[in-house]
Structure formats: C-alpha cells, structure tokens
Amino acid sequence: MSFSQSFTSSPLSLTPQRRKSKFTFKHLSQLAASSTACPLRVIAHIDLDAFYAQCEMVRLGLPEDQPLAVQQWQGLIAINYPARKFGLNRHITITEAQKLCPKLICQHVATWKEGDEKWAYNEDAFKEMATRKVSLDPYRTESRKILALVKETLPAVPLQKVEKASIDEVFVDLSAQIHSILLKRYPELDGPPPYDDPTENLPRPSNTALNWDTDALVDLDASETEDDDPDWDDITMLIGSEIVRSVRLAVREKLKYTCSAGVAKNKMLAKLGSGHKKPNAQTIIRNRAVQQFMSGFKFTKIRNLGGKLGDQVVAAFNTDTVQELLEVPLEQLKKRMGDDTGGWLYNVIRGEDYSEVNPRTEIKSMLSAKSFRPTINEFEVGVRWLRIFVADIFSRLVEEGVLENKRRPKTINLHHRQVMQTRSKQAPIPQGKAMSEEMLFELSKTLLAQVVVDGKAWPCANLSLSVGGFEDGITGNKGIGGFLVRGEEAKAMLSNSSEVDYHGAEPPEKRRKIDDGGSNKFLLAREESSRGDSEQEFVGDLGVIEPHVDDPSIPPPSGQRSPPTVDDSENVAAATGLPRSLGIEEVTPLHSAKPNTTLLDQQSIETYLCKRCDAHVPVTEQSEHEDYHFAKDLQNEDRNSSTALRATQSTARPAPPRRGRGRGRPPGSGMVRAEKGQKRLAFG
DNA sequence: CGACCCCCG
DNA sequence: GACGGGGGTCG
C-alpha cells in the first residue's frame, strides 16, 4: 500500500487492563464481507468542495484564492470558499455579491440554445433566459473524471465498493479493503486460532499510540478518554482515514480538486462527518465519539429527516435537537411515527444506520428541464423546447455509450407543470431499433400532445423530459467480475454485429445487473434470517455494540428489507491475497461500433402527422388530438378577449374536471409518506 | 407498468 | 429558484 503507516511505537506503556478485544473473529469476517452489521465497519463520504465553482476555477485556470461564483440566470448556484470569506451565500443577489466582493467573478453556466448542436459557454447567456436552457454537462464530465480516479485509487472490484451519491459526492465502503490491510499489518489476526469458534475474542491490538495525523477528530463521548486502549475499531477507522487521505491527495494532485470527507461506521455518520469541517478537510468519527458528535446536531440535519418527515417529528415532539429526542422512549416514537419509522428514528439518532453502500456508479436516468418565466402557452413553443431537451439528452446518451449499445434507456418521460398541477406521461422506447435523436423527438412530442389533450395544460411553468430504465446492452463490458467470459464475449460480438432484433422475445444472455438488490435500504440491526441457520448471524455475541432496538429498524419511509447479505467472506479472503488487477479495466469496445443502422422492417407505431403542430400522433389518439387544437383555439380567443381577466382566472377558476389519475393526497395534510400501516399523525 | 410523491444537493 | 438525480407507493 502506498499510504504511510500511521502508527508510532508507543513510548508510553498503557496498562493492559483487558487482554482481549471487544471484537471477535466473527466480526473480522463480517468486515471482509462488508456486512452492515459489522461493528468494525468503515464507511467514507467524500464531498467535493463547492463543486460547480471548483469546476469553473479549474476550467478557467484561475488562481486558487480567486473568489468565484457560478451564476445561473439571475441567481448564484455555487460560491467558492475564497468568495465565502466575503460573506457571500447562495441566497444573495448578484449585485449584493459584487458589492460585498468587488473582485468576484460571476461565471454563468453553459447553456444550449435552439438549433445548437452542443452546449456552450456564452458571455451574456443570462440575458437570454427565455431562449436558452442551462447545461450542467461540464460538471458531469468533471464528476466522471473524479469518480474514475477515485475508483482507480482504490483496489479492484471485489474489494472496492463505491456509490455515486450525486454529482459531487460518493460513499465508499472501505470495510473489505481495510480487512485485507488489517491482515497484512497484524498477522496475528490471520486465521482464527480456534477455527471452530468464531465467537472467540480477538487479541488486543498491539500497544501503539495512534497517530491521527491531520485529521479532525471528533471529541470523545463523556465515558471515554484518549488514554483508553485503542481497540480494533479505532484501528480500522484509522486505516480508513489513511485510505481516504490518499484518495483525496490523488484527486488534488491529478485533477486539482479539493474535497472534504467523513469517515465513520456508517453512511449517516460519514455524511454528517464530511460536512463537519470544510473545505479540504476530513473528519473521523470514532465509535467512541459517536454520542458526543450526534448530540450536538439538530436531527433535521440527518439524512431523510431534512424534509417533511423531519418537520413531522419536530411537530410531534416539539423539539428539533437530537439531544432532546434521545429522551423520548422507543414506544413513544413508534406510537407517534409508526412502528417502522419510529424504530428507524430511535436508532438513527443514536448513530446507528444499517444502510448499505450501493455499488453503483452509473446513472439510472437522465433529465433535461426548463422552468418558464414567463410561462409558455402553446404547443408549438413546447415542441421547440422539446427539441432542445432531446438534443441535450441524446448527446448525453451518446456519452453513455448508447450508440455502442453499452447501455440503453427503456422509457421516456415528460413532466409538465402548470401553475398548481403537475402531470407526467411516460412511454416505452421501442427496443430493437437504433436509438436516434429523431425517434426521441417524436416520442416526446407525442407525450406532450397527450398531456395537452387530457387536461388543461396552459400556461405551462415547467417542462422536463427524462429517459430512464437503463439496461445494460449487448456489448456490455461490465460483467460481474468486470470482464466477459470468453464464450460470452464471442456471443456478444455476434449479436452485436447482426443488428439485433428480439421481436419481444427474451434477449439472449440477459445481462446480469450488478444487483442493486433493493439497494439503499436501511438494513436491520439483526437479520433474523427466517431459517435461523448460523450461516450469518450477527453481532451481539457479547453485548458489544449491540443494536439498540428490540426490533428491526427500518427506513423512515417504506421499509423494504434487504435479504440477509450473503457471506462471501471466503471469496473476499481468497481475493485479498492476490495482486489482482482483474477489475473493471475498461475493455475497449469490441469493434469500432458503427452506430446501428435503422432497420426498415421494424413495426412502428402507426401515427398520423398533424399539420397544425407537426406532431406525430398515434392514430388511436387522432380525434383527441384534434380536440386539443379545438380547445386551444377556444383558449386563445379567451386570452385575446381579456388579459386582465385571465390573470384573476388563473387562481380563481375552479379546478378542471380531472380525467386520468387524480393527484394523491392533498398537500400539507400531514400524512406520513404512504407507508404500509402508517397512521396519520395526530397533530395536523 | 404509469403516474405521482418524497428526499437530496 | 433552477436543474438534475435518487428512492418509493399505489392502482
């Protein structure tokens, strides 16, 4: 390993009160398996500092102390740290900002305009809000580079677990990697002496003082002192901080970006930690510091409690602090919030979070959107924006490798917002055909026509087009082990070259997805695997680090239990020995994939071309479409007759008769998210 | 599945 | 507030 050892042999000899560690050999194998129940687990959250602003700094090659803000129309969406010293924040106007900081550079984001083949940086884009749309592409590109470097810096796949959490954040489960390092550094841990007894406690770590280097260490809980013997969880945490420091260094040196990080036993704490000290710092929350760290927070800062749920908790218990909520008994939490949410809440404010790091770094959907100020009022105008959205999305699809058939979205989705109402329409993207910009455009027009047809659509305040349901394609090079098996590779080549058309049948060799397996879910404290075999039971052996709740903790919203994690510690252990560069080395495409050519014999949706709006409308909806134009004409007459009237009408007019789906519950009704068995809260 | 909702930065 | 992404439920 390249990072430096953080241990110095101890001059002070501590009294070895306990010969044994709190932790067992079982915990060690859980560590290898990245089990969410492992008390030695180490998770990192890495967060780029003022990311968009840093992107612009790097792109423009500005000196590091240059104050800079990223501008979007009349607002600022990111402010770098040099600028923050002047008291700038995100809710400030540009003129205020420039008054506070005369040297501030306000760099407008890149934009698309109609007819463009690509986004561009444009000096006075902000004057053209009505005709341009923002592009965040430059930031996605940088994000990809950084993510790739992070992955490169970490060991290859079996040991690597990286979750892209947003454009500027990742979670990393360091457990498996740390396990392998642990065995190398402490050979005494390698292989449990009593092979038949995983409950045997580990030997105490050798007597060393831990060198925490420049990391920000969180103050310890009241019951702990720095003089206490370190145990293995301190060691794993320290190794985690070394790894994270080396990752941050690489990002800094090679790509010029600074980031902040949190290292802790779970995602929630890691995330709180990364925000603890910024910029360009990392914070370690040792297990013995968790209570102290948590008690200082408002619980609304905790992931999932920042929104309506958090508000409800505040309302129910009349406090927003972790400290005070800790006094509320479990039963009360359950009574007021429901069993699942209450149980989850009880745990989370005690620093327990069993959610998994979801090893996913690719996006699942992409969206292009625009808010209209002023609103737009005609189908034709909407269609012009659709063309821009499609250009945007298509170019991003190309980057995703859609033309090479690496991945491909299954559905296309249009969201439409009127003043109050928001409606969306979705359609499958015909498979078996080559993806094309034109096809997406036609689909999107059809969707807009549908929206327009089935209810009042104007004035429209927002449109967004997205594609999603990405599926791995035929030439995918991201098999389970990061490679294709030989036989499969040949098949892949064959099927790729022959312009696949499955005619609805099961595609051959359906790509195994890197199973998200319920993903993000908040795992249980204990997994009572219904068949109570010993294959995988968890902590609690010695009452150490025991989950606090007597019953499963589930997510705030909608619990969905992940299945007990498979114990592949053997595989991992086997893997750790090897040098192993058998990862996801990007295999170059099998052949210089000329984009698929369109098949002519494809059965396509029968449409007619509306001469009034150029939309291809399914014949089955022709009459409705004509109705739409009829309604629109009436509307226009209406508008022309009195502008003043319209202004009042827009709020005073009774709700249109709703066809299709109604909107869920009334907003603000104080309902906890639709959750099975969830009760309505009393306070509303 | 399609439509809608919630949470996050 | 604008834009872009994640997750989930319900019928």
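None of the values given here were measured: they were computed from a predicted structure.
Counting to the nearest Å, the C1' atom of B:dC4 and the CG atom of A:Leu447 are 16 Å from each other. Atom CZ of A:Arg417 and atom C1' of B:dA3 are 17 Å apart (whole Å). Summarising the geometry, the separation between NE2 on A:His415 and P on B:dG2 is reported as 12 Å, rounded to the nearest angstrom. Distance A:Leu414 CG to B:dA3 C1': 13 Å, rounded to the nearest Å. Atom P of nucleotide C:dG7 and atom CG of A:Leu367 are separated by 15 Å, given to the nearest angstrom. The separation between A:Trp119 atom CH2 and C:dG4 atom P is 13 Å, rounded to whole Å. Across the protein-nucleic acid pair, A:Ile94 atom CD1 and C:dA2 atom C1' stand 13 Å apart, rounded to whole Å. Taking atom CD1 on A:Ile92 and atom P on C:dG1, their separation rounds to 17 Å, with Å as the unit.
Distances shorter than 4.0 Å separate none of the side-chain N or O atoms of A:Ser466 from OP1 or OP2 on C:dG5. At C:dG5, one or more side-chain N or O atoms of A:Arg396 fall inside 4.0 Å of OP1 or OP2 (strictly under the cut-off). Taking side-chain N and O atoms only, A:Arg140 has a distance below 4.0 Å to OP1 or OP2 of C:dG4. Not one side-chain nitrogen or oxygen of A:Lys308 sits closer than 4.0 Å to the OP1 or OP2 atom of B:dC7. One finds a side-chain N or O of A:Ser365 lying less than 4.0 angstrom from the OP1 or OP2 phosphate oxygen of C:dG6.
For the pair A:Arg387 and A:Phe441, the distance from NZ or CZ to the six-membered ring centre is under 6.0 Å and the angle to the ring normal is within 45 degrees. Note that A:Arg252 lies outside the cation-pi zone of A:Tyr257, set by a 6.0 Å cut-off to the ring centre and a 45° limit from the axis.
Residue A:Lys164 is classed as having no contact, given no heavy-atom separation below 4.0 Å to the nucleic acid. Using a 4.0 Å heavy-atom criterion, one finds that A:Glu169 contacts the sugar-phosphate atoms exclusively. Within the nucleic acid shown, A:Ile363 comes within 4.0 Å of sugar-phosphate atoms alone, with no base atom in reach, counting heavy atoms only. As judged by a 4.0 angstrom heavy-atom cut-off over every strand, A:Ser368 is placed among residues touching the sugar-phosphate backbone only. Residue A:Ser166 is out of contact with every strand shown, counting any heavy-atom pair closer than 4.0 Å. A:Gly307 comes within 4.0 angstrom of the backbone, heavy atoms only, and of no base.
Candidate nucleotides C:dG4, C:dG1, C:dG6 were compared by shortest atom distance to the side chain of A:Arg373, and C:dG1 ranks first. Of the listed nucleotides (C:dG1, C:dC3, B:dC4), B:dC4 has the atom at the smallest distance from the side chain of A:Arg423. Here the side chain of A:Gln426 is nearest to one of B:dA3, C:dG4, B:dC8, namely B:dA3. For A:Lys364, whose side chain is taken as the heavy atoms from C-beta onward, the closest listed nucleotide among C:dG6, C:dC3, B:dG2 is C:dG6. Here the side chain of A:Pro428 is nearest to one of C:dC3, B:dC6, B:dG2, namely B:dG2. Distance from the side chain of A:Ser424 is smallest for B:dC4 among the nucleotides B:dC6, C:dC3, B:dC4. For A:Asn304, counting side-chain heavy atoms from C-beta on, the closest listed nucleotide (C:dG1, B:dC7, C:dG4) is B:dC7. When distances run from any side-chain atom of A:Lys271 to the nucleotides B:dC4, B:dG9, C:dA2, the shortest one goes to B:dG9. For A:Thr422, taking side-chain heavy atoms from C-beta onward, the closest of the listed nucleotides B:dC5, C:dG4, B:dA3 is B:dC5.
Taking 4.0 Å as the cut-off between side-chain N and carboxylate O, A:Glu142 and A:Arg59 do not count as a salt-bridged pair. Checked for salt-bridge contact, A:Glu356 and A:Lys161 meet the test: a charged N lies under 4.0 Å from a carboxylate O.
For the 3.5 Å distance criterion, the side chains of A:Asp47 and A:Ser260 fail to qualify, holding no donor opposite an acceptor. For the residue pair A:Tyr121/A:Glu56, the side-chain donor-acceptor check at 3.5 Å is satisfied.
Comparing A:Leu76 and A:Leu136 by the nucleotide of DNA chain C that holds the closest heavy atom to each, the one mapping nearer the 5' end is A:Leu76. Between A:Gln72 and A:Met366, the one whose closest nucleotide on DNA chain C sits nearer the 5' end is A:Gln72.
Here the options are A:Lys271, A:Arg303, A:Lys267, A:Lys164, the test is salt bridge (charged side-chain N to carboxylate O under 4.0 Å, His left out), and the partner is A:Glu169; only A:Lys271 passes.
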